[in-house]
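Labels below follow one simple rule: chain letters A, B, ... track the order of the sequence lines, proteins then strands, and each chain is numbered from 1.
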Amino acid sequence: MKIAVLLSGGVDSSVALRLLKEQGHDITAFYLKIWLQEEYSFLGDCPWEEDLEYARAVCAQADVPLQVIPLQDEYWDRVVSYTIKEIKDGRTPNPDMFCNSLVKFGAFLDKIDPSYEKVASGHYATIEEKNNRFYLKRSPDAVKDQTYFLAYLKQEQLARALFPIGIYEKKQVRQLAKEFDLPNQVRKDSQGICFLGKIKFKDFVKEHLGELPGDIVNFETMKKVGTHPGYYYYTIGQREGIGLNAGPWYVVRKDIVNNIIYISQKKDVIAAYRNEFNVTKINWLNEIPESGSALHVKIRHGAHRYPCAIEYTDANLLSVKLQGSDKGIAAGQFAVFYDGDYCLGGGIISDSITVES
RNA sequence: UGCCGGGUCGUCUAAUGGUAGGACAGCGGCCUUUGGAGCCGUAUGCGGAGGUUCGAAUCCUCCCCCGGCAG
């Protein structure tokens, strides 16, 4: 089979490449230039050259051709501009969601020869084919599972995707890397927003939006207790950057119009925690679950899933009731639904509601 | 200016003659392909000058500063 492999220079995609190579496929590796670190180099070190070096080394060792595809413009248009707009609107974006759906499995597909039957990546997720439909399933490694970030793919994208390491746990992938004697076998896992690398999110925000001083108000007393550099530096549930003593303090509400951050203490569960929210712009990978379905939901990437019940308010709005509560539910974040190991799809959180206990 | 009260890490607060400790903030690390959260680890302080004492944040004197009551 003719396969395009997305190679990042990290361990996971390198192992994926070697697995496919061993299976005898006709593969070509592609390194996507999506880093905007050249623009942000003054903010910190940029490791992207190192990524490319490793990608080259891996390909040389495996005797696989490597192509470098510049996608910075597409990345800017589809991911970075969205990120900045959302932050400015006081919401909390998830750029990596669109990095997958609009760039890696989006713009990239338009750039390559259609004769590539599959596009493989190093994601921790599995795909099951049933009756000509493709279903996304969780990785056996609950921590590394990346179905959350893939929930916004379309059926056509899923049909063409291949996740060779999806059946493994991280430690097995590390072991395979060792057995393949990969040049990057001990490289640290990447983390953070992919286009920022080591750049701090706060610095990115500052570069694009500057500072806009406003009041910090105690949510219980409604009294001003301090000042902050701008509402867009804060998200719901955030502790860091408040700078007040006698805490810890957590952001519980933002007033964008008046540029006010409301804070509370952790022990104030009612003010700080949320357990009900609405979801819009939903993408279902396959069948649409019925109103009243008992599912699981992830509010963020990670192992934790909440049992939940869903209810359609109308065709485009889904009401979600969590079994449990989460103090970091923020508008703009994604909610991704699961039925057992099947990832059903997800949508964007539009608001959250405090429910009295 | 004739009267009281008070000055301890960045902030808040302990130690009342016997090694200045904690919390929060900060910083560093871990975790995590989003934001956050969480976990671990850390620097920094007795307003100043004298005095009493084996020993002073603590007791005494003076000075400086900040509140408040007098004006």
*Looking at rC24(B), rG38(B), rG36(B), which one has an atom nearest to any side-chain atom of Gln238(A)?*
rG36(B)
_I want to verify a distance call: between rA37(B), rU34(B), rU33(B), whose nearest atom is closest to the Pro95(A) side chain?_
rU34(B)
*Taking the same atom, P, in rG7(B) and in rC59(B), what whole-Å distance lies between them?*
10 Å
*Assess Arg160(A) against Phe105(A): is NZ or CZ under 6.0 Å from the centre of the six-membered ring, and within 45 degrees of the ring's axis?*
no
*Base, sugar-phosphate, or nothing for Gly10(A), non-hydrogen atoms under 4.0 angstrom?*
nothing
*For Leu244(A) and rC12(B), what is the distance between atoms CG and C1' respectively, to the nearest whole Å?*
11 Å
*Ile84(A) CD1 to rU34(B) C1': how many Å, rounded?*
15 Å
*Just how far, in rounded Å, is P of rC24(B) from CD of Glu240(A)?*
15 Å
*Do we see a donor-acceptor contact under 3.5 Å between the side chains of Asn278(A) and Ser350(A)?*
no
*Taking the side chain as every heavy atom from C-beta outward, state whether Ile261(A) and Tyr231(A) have any pair of such atoms under 4.5 Å apart.*
yes
*Mind calculating the distance between CG (Asp96(A)) and P (rG36(B)) to the nearest angstrom?*
13 Å
_Phosphate-side-chain proximity, Tyr152(A) and rU34(B), N/O vs OP1/OP2 below 4.0 Å_ = no
*Mind checking Phe149(A) for me? I need base, sugar-phosphate or nothing, with any heavy atom below 4.0 Å counting as a touch.*
base
*Starting at atom CG of Asp141(A), determine the distance to atom C1' of rU33(B), rounded to an integer number of angstrom.*
13 Å
*asked:* I need the CD1-C1' distance between Ile87(A) and rG36(B), as an integer number of Å.
replied: 13 Å
_What's the gap between rA25(B) and rU13(B) when it is taken at their C1' atoms, as a whole Å value?_
14 Å
*asked:* Phe108(A) and side chain to side chain contact (heavy atoms under 4.5 Å, CB included): which single residue from Val103(A), Ile34(A), Ile69(A) fits?
replied: Ile69(A)
*Which part of the nucleic acid does Lys104(A) contact within heavy-atom distance under 4.0 Å: base, sugar-phosphate only, or nothing?*
base
*Classify the nucleic acid contact of Gly243(A) as base, sugar-phosphate or nothing, counting any heavy atom under 4.0 Å across all strands shown.*
sugar-phosphate
*Toward the 5' end of RNA chain B, which comes first, Gln146(A) or Asn245(A), by nearest nucleotide?*
Asn245(A)
*With C1' as the reference atom in both, quote the distance from rG26(B) to rA43(B) in angstrom, rounded to an integer.*
10 Å
*Report yes if at least one side-chain N or O of Lys144(A) is closer than 4.0 Å to OP1 or OP2 of rC31(B); otherwise report no.*
no
*How far, in whole Å, is rG18(B) from rC3(B) if one measures between their C1' atoms?*
36 Å
*Between Lys33(A) and Asp51(A), is there a salt bridge with N-O shorter than 4.0 Å?*
no
*Tell me: OH of Tyr234(A) to P of rA25(B), nearest whole Å?*
12 Å
*Span that lies between the P atom of rG67(B) and that of rU11(B), in whole angstrom*: 16 Å
*Distance, rounded to the nearest Å, where Leu6(A) contributes CG and rU33(B) contributes C1'*: 14 Å
*asked:* Does this structure show an ion pair linking Glu207(A) with Lys202(A), if we count only N-O contacts that are shorter than 4.0 Å?
replied: no
_Selected nucleotide, minimal atom distance to His301(A) side chain, candidates rG38(B), rA25(B), rU33(B)_ = rU33(B)
*Tell me which nucleotide among rG38(B), rU34(B), rU33(B) gets nearest to the side chain of Tyr148(A).*
rU34(B)
*asked:* Counting the benzene-type ring for Trp, do His228(A) and Tyr234(A) have ring centres under 6.0 Å apart?
replied: yes
_For RNA chain B, report each stem as range with range, ordered by first number, or say none. Use Watson-Crick or G-U wobble pairs under 3.5 Å, at least 3 in a row._
B:3-7 with B:64-68, B:10-13 with B:21-24, B:26-30 with B:38-42, B:47-51 with B:59-63
_Among rA37(B), rU34(B), rA25(B), which nucleotide has an atom closest to any side-chain atom of Gln333(A)?_
rU34(B)
*Might you confirm whether atom CD of Gln175(A) has over 12 heavy atoms from other residues, nucleotides or ligands at distances under 6.0 Å?*
yes
*For Leu150(A) and for Tyr233(A), find the nucleotide of RNA chain B with the closest heavy atom, then tell me which residue's nucleotide is more 5'.*
Leu150(A)
*Asn100(A) near the nucleic acid: base, sugar-phosphate alone, or nothing, with a heavy-atom cut-off under 4.0 Å?*
base
*So, is Arg239(A) near the phosphate of rG36(B), with a side-chain N or O under 4.0 Å from OP1 or OP2?*
no
*Could Arg138(A) and Asp341(A) be called an ion pair, given the rule that one side-chain N must be under 4.0 Å from one carboxylate O?*
yes
*Taking atom P in both rG51(B) and rA57(B), what distance in whole Å separates the two?*
15 Å
_Atom C1', compared across rC9(B) and rU44(B): separation rounded to whole Å_ = 6 Å
*Between rC40(B) and rU52(B), how far is it from one C1' atom to the other, in whole Å?*
46 Å
*For the pair Asp145(A) and Lys137(A), find out whether any cationic side-chain nitrogen is under 4.0 Å from an anionic carboxylate oxygen.*
no
